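Just so you know, these numbers come straight off a predicted model, no measurement behind them. Chain identifiers are assigned alphabetically (A, B, ...) following the order of the sequence lines, protein sequences preceding nucleic acid strands; residue numbering begins at 1 within each chain.
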Amino acid sequence: MRLTIKDHIRESRLFNERAAFALVAVLLLLMVGIARLVYLQIISHEHFSTLSDVNRISLVPVPPTRGLIYDRNGVVLAQNLPAFSLVLIPEQISDMDATISELRKLVTISDEDVRRFHRQVKQKRAFNSIALRFNLNDEEIARFAVRRHLFPGVEIEARAIRNYPLGTLASHAIGYVGRINEEELRDIDASNYSGTDFIGKTGIERFYENLLHGQVGFKQIETNAYGRTLRELQQSAPTPGKNLYLSLDIGVQRVAEAEFAGRRGAAVAIDPRSGEVIAFVSMPGFDPNLFVTGIDVGTYSELQTSLDRPLFNRALRGQYPPGSTLKPFIGLAGLESNKITLDAATFCPGWYRLPGDPHKYRDWKERGHGFTTMDKAIVESCDVYFYDLASTLGIDLMHDFLAQFSFGQPTGIDLRDESSGLLPSRQWKRARRGQPWYPGETLITGIGQGYTLTTPLQLAYATAVLATHGAHTPPHLLRAVGTGGTPQTERLPAPMTNVPVKSRGNWDAIITAMRHVVSSERGTAQAIGRKAPFPIAGKTGTAQVFGIKQDEKYVEKDVAERLRDHSLFIAFAPAEDPRIALAVMVENAGHGSTAAAPLARKMIDQYLGNPPP
Amino acid sequence: MTPLPHRTPPRWGDRRGPRLLVRGLHLDFPLLAGLVLLSLAGLAILYSSSGRNMDMVIGQAMRLGIAFTVMFVLAQIPLHHIERWVPWLFGIALALLFGVLLFGEIGKGAQRWLDIGLFRFQPSEMMKLAVPMMVSWYLADRPLPPSARHLAIAALIVVVPVVLIAKQPDLGTALLIAASGVFVLLLAGVRWKYVALLILLVSASAPLFWYMLHDYQRMRVLIFLNPERDPLGSGYHIIQSKIAIGSGGIYGKGWLNGTQSHLEFLPERSTDFIFAVFGEEFGFIGILFLLGIYTFIVIRGLYIATQAQDTFTRLLSGSLILTFFVYTFVNTGMVMGLLPVVGVPLPLISFGGTSMVTLMASFGIIMSIHTHRKLLST
């Protein structure tokens, strides 16, 4: 019992007052409800009765226009073109199977079309028109048009179909749209997609589906008992999807793809200052237009089973040993950790041997490089120097240093399903292989062989980080989002922590050595340095192929070709103020200087606007 | 509180007519009659709206059976037993709400469920009872009308769970729970100047609140202000349900004869929009009858509240019955196009609904309050 005095009689009276007040409120609200009923059921009864019996009001969704995709210079990469589709309104068709089999006599309709149609019928409202066939040709339109009166509830509709005017160009970056499948249906807002046939499947089209799609609109139409439209009552316009402005420079992309000339491989070019991806090449590509309205089984299985794997995004998902392109990073690890100085020379007799191990780790140059300093080791790509350095550094230090460059982890580019590559460590080997780390593995890690795997994207990105003295600006393809013609917002992901710089001089020394790779007479890529109006820093690489098993059934000539080494090259230019950093990988093309380096030079020239030498 | 003169209430064996038998079971006959009538009307209209789907009707009947059992059990427990445990109950419900925020399973994009081994549990359902109980419990010992300080503490009791539930996000339930708490305060005799102040405060903080809302919640508010914004979603429901009700006219199209609903024009016709089917098939007369039962239940509940013998039970039963009215009004108002579309089922009529058990539990409490009165004098 509290000290405050409770006046029970007064409280009870107060409660009764409030209860009476509540009762009045309840009755008043009840009156409002009844008034509404009088309005609906008595005053407007005729009106609603008519609506319910004779005419029906249907809401027809108006799909939003999908946003366009442009490159950095405003070149259209993806657009929408009108195409004619055969659409059915299930509500107005009494015998669906009979109608479809009659339609098949006029228009080619595949079993897959029918299956997909039935799937959509279950998902959408009965009065929604659902496409049975896309892309009717003129003859089919004419054949149907003359018999149209026989098919109530069947119409020909002009719908926008996604089109990729550049065909195979940059297909792995742009991706494509396709018909919505059951799995995707579960994830999307059914109402917003009620008028939409397509959804982004891969690439930018998939990653930015939310931005590209837009918001559905509707038409409220009055139809008579036969389902014919009498008049349009109301319309709310759909909100079109956002236009995307990519950082891709389609000129550079085109040059690179042309230079591949039928070879397989990948090339990624990044602006190291912003992380903007300038070129994103994975060869061979494919024609995304094939996928839009449904690819036929034959063509698809051809793409799927082709030895060249055109549907495989090598730049994003291909994992290759970095080979000697890793050497500048290892060299920098040595300098920054004070395990080695620039002037210290290692003698290279053409092989290296670990104490107490008879195995000879060979240099690519049988006669050896003689006394070798850091600069020479990078310029001539001396293996022995890096065997020795790797042995000094040890695997733990190398792993930790390389991890700062985003090796072994996804770069965070705005594309789905990026591979993370593989940066081996003691822990990794114990967890995955259940074995200890062997010293010999440290050596080959030092020259980018062994377990280490990188994607071309990772390699390009690490090069960009190196070029900017450790600054992380994660790669991204989307440069700006706009609704009108002009780019609006910049979208940048949060950068990861920059690589700590112990001494800027160390970085400059590595970059200078990379310049010598291209400019010095002994440089492995000196062929591309000729007449370059700007200093290029680069590094060649050659990656051994383990992938293909000897017993696989290939034509002998093919096998031999496919077992050749991959040609690799990383570069950035201009060396002192980098505007482009790139990694080029040409599968089975031999040494880095022969295929990858010239290709990189062409891309740099195109981007920096210099005439070919 | 001064102990009240005691008299043994009628128990088993007091066979003095059916009403007293019901009384002996601690049930309130008028309330029970109203609830049973509603359930039967609900089963009948469900048979029609589901397209004569007996499985759905039987399923609903079983759910009703469970709900009535819960009501019956709760009606046996005198409120003074429960009263002691109210702070614990509230505390547990609050802890569970925090649990949901931390470990809740994400169902339909909202964290509302808590997985406890065998079954999944929605702590916000528990809060529907715990909040009015806690506020009533808190105010019961305080002099009424409550002082500003007590009012502030009572408001806190309401606001904390409401904010937690709104964060799940389940705005509809949060608002209904807030309403149940506010009803307790109003019934406790909060001075009108505080009520005016609250209204002022809410409208002043509206922009801030708006900023905190999820996108889809904002959308709902916008759709309320202008239903045509979302004509393919809830706007479509409204257009169709208005046609269904309006075309019913005075006498209705007759049971099983609704066309709008049977032609599948009306979405959610067995759940949230079942009232429209009722309106189409039984017309104005039928709806008046149905609303009559609801009103009767509310009036009976308010009467029980005024007859309650202490502040706690008085406030609690009053708040519970007014919340029941709000459910009914929000659902019917939504179907008639008076209110925004919120997922509130029509009590005892809508198919399914996890909230049916909670609802009947509150009726169990109301009946217990009435049947466990200690008669002072006659």
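Within 6.0 Å of CG in L28(A) there are more than 12 heavy atoms belonging to other residues, nucleotides or ligands. The number of heavy atoms from other shown groups lying within 6.0 Å of CD (E46(A)) does not exceed 12. Taking a 6.0 Å sphere around OH of Y194(B), one finds it holds more than 12 heavy atoms contributed by other residues, nucleotides or ligands.
In this structure, chain A has a heavy atom under 4.5 Å from the side chain of L302(B), while its backbone stays farther away. In this structure, the portions of I245(B) lying under 4.5 Å from any heavy atom of chain A include both its backbone and its side chain. For F21(A), the part lying near chain B is the side chain, with the backbone staying farther off; criterion is any non-hydrogen pair under 4.5 Å. Contact annotation for A188(B): only backbone heavy atoms (N, CA, C, O) come within less than 4.5 Å of a heavy atom of chain A. Using a 4.5 Å cut-off between heavy atoms, I287(B) touches chain A through its side chain atoms alone. At a 4.5 Å heavy-atom cutoff, the contact between I42(A) and chain B is made by side-chain atoms alone. Of the two parts of T306(B), the backbone and the side chain both hold a non-hydrogen atom closer than 4.5 Å to a non-hydrogen atom of chain A. With a 4.5 Å cut-off on non-hydrogen atoms, L288(B) touches chain A through its side chain but not through its backbone. Contact annotation for L27(A): only side-chain heavy atoms (C-beta onward) come within less than 4.5 Å of a heavy atom of chain B. With a 4.5 Å cut-off on non-hydrogen atoms, F284(B) touches chain A through its backbone and its side chain both.
At least one donor-acceptor pair closer than 3.5 Å links the side chain of Q41(A) to the backbone N or O of G279(B). Side-chain N or O atoms of R18(A) include one that pairs as donor or acceptor with a backbone N or O of V190(B) at under 3.5 Å. The closest donor-acceptor contact from the side chain of R314(B) to the backbone of F15(A) lies at 3.5 Å or more, if one exists at all.
Counting all heavy atoms, side chain and backbone alike, S49(A) lies closest to S247(B) at CA-CB, 3.9 Å. For the residue pair R142(B) and E11(A), the shortest heavy atom distance occurs at O-OE2, 3.8 Å.
Taken to the nearest 0.5 Å, the OH atom of Y303(B) stands 14.0 Å off from the CG atom of L23(A). Distance CG/L37(A) to CE/M336(B): 4.5 Å, rounded to 0.5 Å.
When each of S44(A), S12(A), A25(A) is checked for heavy-atom pairs under 4.5 Å with chain B, S12(A) comes out on top. Of the listed residues T332(B), V298(B), T295(B), the one with more heavy-atom pairs under 4.5 angstrom with chain A than any other is T295(B).
Residues Q309(B) and H8(A) have side chains not in contact (no heavy-atom distance under 4.5 Å, counting atoms from C-beta outward). Side-chain atoms of P145(B) and R10(A), non-hydrogen and from C-beta on, do get closer than 4.5 Å to each other.
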